[in-house]
Amino acid sequence: MKHNKIRISRSEWEVMEVLWHKAPLSASEIFEMLGPETTWNTKTVRAFLDRLEQKKAIRKEKAHGVNVFKPIPKREHCLRHESRSFLDRFFRGNPVSMMSHFIEREELSKDEIRRLQQLLDTKCPTDEK
């Protein structure tokens, strides 16, 4: 099944993160796992679940008489899709422009710079003589 048309909002993404971490869960369990910092109530969580089900991002099943929810696409697939969408919308699909933008404008620690260098070296190792 293809999932590349699923567009997940920021709030829906929070619900999906809980489900990717530990599914199947009921709406009440999802609400509890969102933690005390959430400003939502269980009715809001149920609304997000309804939208995610309509988008075919989750499926609902009965377990012991209670509706529980499971994610359909894997997190990695959604992350890849959202990353590509972001890259296309803001940087015309050019990853070098995006990386340059963040590298030039963000404060990076030496460890972060080393990690970026390692990633680049892995992609394109320098020739050794």
(message) How about CD on Glu37, more than 12 heavy atoms from neighbouring residues, nucleotides or ligands closer than 6.0 Å, or not?
(response) yes

(request) Starting from the C-alpha separation in whole Å, work towards a yes-or-no answer on side chain to side chain contact (heavy atoms under 4.5 Å, CB included) for Lys123 and Leu119. (result) CA-CA 6 Å; Lys123 281 288 196 181; Leu119 289 169; over 6 Å; no

(request) Grab the two heavy atoms, one from His77 and one from Pro73, that are nearest each other, plus how far apart they are. (result) CD2-CB, 4.3 Å

(request) Group every Ile, Leu, Val, Met, Phe, Trp and Tyr by side-chain heavy-atom contacts under 4.5 Å, then state whether Leu25 and Leu52 land in the same group. (result) yes

(message) Would you say Val68 ends up clustered with Leu34 if hydrophobic residues are merged whenever their side chains have heavy atoms under 4.5 Å apart, either directly or through other cluster members?
(response) no

(message) For the NE2 atom on His21, are there more than 12 heavy atoms of other groups (residues, nucleotides or ligands in this structure) within a distance under 6.0 Å?
(response) no

(message) Tell me every residue that passes salt bridge (charged side-chain N to carboxylate O under 4.0 Å, His left out) with Arg59, counting only those two or more places apart in sequence or in another chain.
(response) Glu61

(message) So Val15 and Ser11, do their side chains get closer than 4.5 Å, heavy atoms only?
(response) no

(request) List in chain and number order the residues that pass side chain to side chain contact (heavy atoms under 4.5 Å, CB included) with Asp121, two or more places apart in sequence or in another chain; answer none if no residue qualifies. (result) Gln117

Tell me which donor-acceptor pairs under 3.5 Å the side chains of residues 86-93 have, and how far apart each pair is, sequence neighbours excluded?
| from | atom 1 | to | atom 2 | distance (Å) |
| --- | --- | --- | --- | --- |
| Asp88 | OD1 | Arg84 | NH1 | 3.1 |
| Arg89 | NE | Ser85 | O | 3.4 |
| Arg89 | NE | Ser85 | OG | 3.2 |

(message) Within this structure, what is the CG-CZ distance for the pair Leu49 and Phe69, rounded to the nearest 0.5 Å?
(response) 4.5 Å

(message) Once salt bridge (Lys or Arg N to Asp or Glu O under 4.0 Å) is applied, what residue pairs with a partner in residues 6-26 remain, sequence neighbours excluded?
(response) Arg7-Glu82, Glu12-Arg51, Glu12-Lys55, Glu17-Arg75

(message) Show the nearest heavy-atom pair for residues Leu108 and Leu116, with the distance to one decimal.
(response) CD1-CD1, 4.0 Å

(request) Name all residues meeting the salt bridge (charged side-chain N to carboxylate O under 4.0 Å, His left out) criterion together with Asp50; count only those two or more places apart in sequence or in a different chain, and write none if there are none. (result) none

(message) Just so I know, are the side chains of Met33 and Ile30 near enough to count as touching, which here means a heavy-atom distance under 4.5 Å?
(response) no

(request) State the OG1-CD distance between Thr38 and Glu32, to the nearest 0.5 angstrom. (result) 12.5 Å

(message) I need the minimum non-hydrogen distance between Pro71 and Ile58, along with the two atoms involved.
(response) CA-CG2, 4.0 Å

(request) Could you grab the distance from atom CG of Leu120 to atom CE of Met99, nearest 0.5 Å is fine? (result) 5.0 Å

(message) I need the minimum non-hydrogen distance between Ser97 and Asn94, along with the two atoms involved.
(response) N-OD1, 3.1 Å

(request) Identify the heavy atoms of Arg46 and Ala27 that sit nearest to each other, and give their distance. (result) NH1-CB, 3.4 Å

(message) Give me the atom names and distance for the closest heavy-atom approach of Met16 to Ala57.
(response) CE-O, 3.6 Å

(message) Under the ring-ring contact (aromatic ring centres under 6.0 Å, His included) definition, can you give me all pairs with a residue in residues 46-67, not counting sequence neighbours?
(response) Trp40-Phe48

(message) Nearest 0.5 angstrom please: Lys43 NZ to Phe31 CZ, how far?
(response) 14.0 Å

